[in-house]
Amino acid sequence: MSQGIFESLSYIKNMIEEILPKTDTHHGFVSVDDGRGLVTSLNDRFEAQRQFSLELITLAEDDGSSGLSGRKRVNVEIHIKYSIPKEDGFRIRMMNEDAGKIIDTIKGPQYNFAETGIVSVITLQSRIDELTDINGAVTSHLLIVPFDLLYMEN
């Protein structure tokens, strides 16, 4: 049994990649930075649609009762880039749909604890950031879906 942060994030990545979007179904979710090596950063990818990365925002902290359980907690953000459609209103509505599907998917409870070590996922407030070119023009949006990951590291 190999549990821990690598297995936990890999499992969540696979859960996201299996989501069938409600709108624009021919552009599914594709992980571009899964911690296995050097890749072009998400923000530097041209015309990306639903390409995503899992970003560790905090490092592991003890989340057990009186420090006895070995359970860890980290804050993670899913960053998903949207370059199309060009009409912002439609794009943002589509991103809202996707945020809802991602939240419903990753909050579990089918985590396969024996293999992943995932105890729980606590979703937080999603947000949207604008990505701009060197002239300050908005080129795309970044959907950010944060969550706290509670897991065992064995």
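Expressed to the nearest 0.5 Å, how far NZ of Lys72 lies from CG of Leu149 amounts to 12.5 Å. Rounded to the nearest 0.5 Å, atoms NE2 (His79) and CG (Asp129) are 7.5 Å apart. Rounded to the nearest 0.5 angstrom, Glu61 CD and Arg71 CZ are separated by 11.0 Å. The CD atom of Gln3 sits 9.5 Å away from atom CD of Glu115, with the distance rounded to the nearest 0.5 Å. We find the CZ-CE distance between Arg50 and Met94 to be 5.0 Å, quoted to the nearest 0.5 Å.
Asp63 and Tyr151 form no side-chain donor-acceptor contact under 3.5 Å, judged by distance and modelled atom types alone. Between Glu7 and Thr116, the side chains place no donor N or O within less than 3.5 Å of an acceptor N or O (distance only, hydrogens not considered).
Paired with Leu9 under the rule side-chain contact (heavy atoms from CB on, under 4.5 Å), one option of Leu54, Asn14, Val74 passes, and it is Leu54. Results of the side-chain contact (heavy atoms from CB on, under 4.5 Å) test with Tyr82 over Leu131, Leu142, Asp24, Asp98 single out Asp98 as the only residue that passes.
Salt-bridge formation is detected for the pair Glu77/Arg127: a Lys NZ or Arg NE/NH1/NH2 atom is positioned less than 4.0 Å from an Asp or Glu carboxylate oxygen. Residues Glu97 and Lys101 are not paired through a salt bridge, judged by the lack of any N-O separation under 4.0 Å between the basic side chain and the carboxylate.
In this structure, Gln125 places its CD atom where only 12 or fewer heavy-atom neighbours from other residues, nucleotides or ligands lie under 6.0 Å away. The number of heavy-atom neighbours closer than 6.0 Å to CG of Leu59, taken from other residues, nucleotides and ligands shown, is 12 or below.
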Exercise. Could you walk me through whether Ile144 and Ile80 pass the side chain to side chain contact (heavy atoms under 4.5 Å, CB included) check?
Worked result: CA-CA 7 Å; Ile144 301 171; Ile80 309 161; over 6 Å; no
Problem set entry | Full working for side chain to side chain contact (heavy atoms under 4.5 Å, CB included) between Val76 and Glu55 | CA-CA 6 Å; Val76 182; Glu55 307 288 333; 5.9 Å; no
Problem set entry | Evaluation steps, side chain to side chain contact (heavy atoms under 4.5 Å, CB included), between Gln110 and Met15 | CA-CA 10 Å; Gln110 68 286 359; Met15 291 173 78; 3.4 Å; yes
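Looking at heavy atoms from C-beta onward, Thr23 lies in side-chain contact with Phe90 at the 4.5 angstrom threshold. Proximity of Val32 to Phe52: side-chain heavy atoms (C-beta onward) are nowhere separated by under 4.5 Å. The closest side-chain heavy-atom distance from Ile78 to Ile16 is below 4.5 Å. At least one side-chain heavy atom of Ile122 sits under 4.5 Å from a side-chain heavy atom of Arg73. In this structure the side chain of Ser126 reaches within 4.5 angstrom of the side chain of Ile103, judged on heavy atoms. A 4.5 Å side-chain heavy-atom check between Ile128 and Ile92 finds at least one atom pair inside the cut-off.
Following chains of ILVMFWY side-chain contacts shorter than 4.5 Å, one can reach Ile12 starting from Leu56, so the two form part of one hydrophobic cluster.
The heavy-atom pair separating Phe113 from Ile118 by the smallest distance is CD1-O, 3.3 Å. Between Ile5 and Glu153, the closest heavy-atom pair is N-OE1, 3.2 Å. What you find for Ile102 and Phe29 is that their closest heavy atoms are CD1-CE2, 3.9 Å. Smallest separation of non-hydrogen atoms from Thr123 and Phe147: CA-CB, 3.9 Å.
When atom types are taken as modelled, the side chain of Ser8 and the backbone of Gly4 share a donor-acceptor pair closer than 3.5 angstrom. In this structure a side-chain-to-backbone donor-acceptor pair under 3.5 Å is missing from Thr132 to Ala137. Without hydrogens or angle criteria, Ser31 side chain to Ser53 main chain gives no donor-acceptor distance under 3.5 Å. Remark: the backbone N or O of Ser83 is paired with a side-chain donor or acceptor of Arg91 at under 3.5 angstrom. Under the 3.5 Å distance criterion, the side-chain polar atoms of Thr25 are left unmatched by any main-chain donor or acceptor of Pro21. For Asp133 (side chain) and Asn135 (main-chain N/O), a donor-acceptor pair under 3.5 Å exists by modelled atom type.
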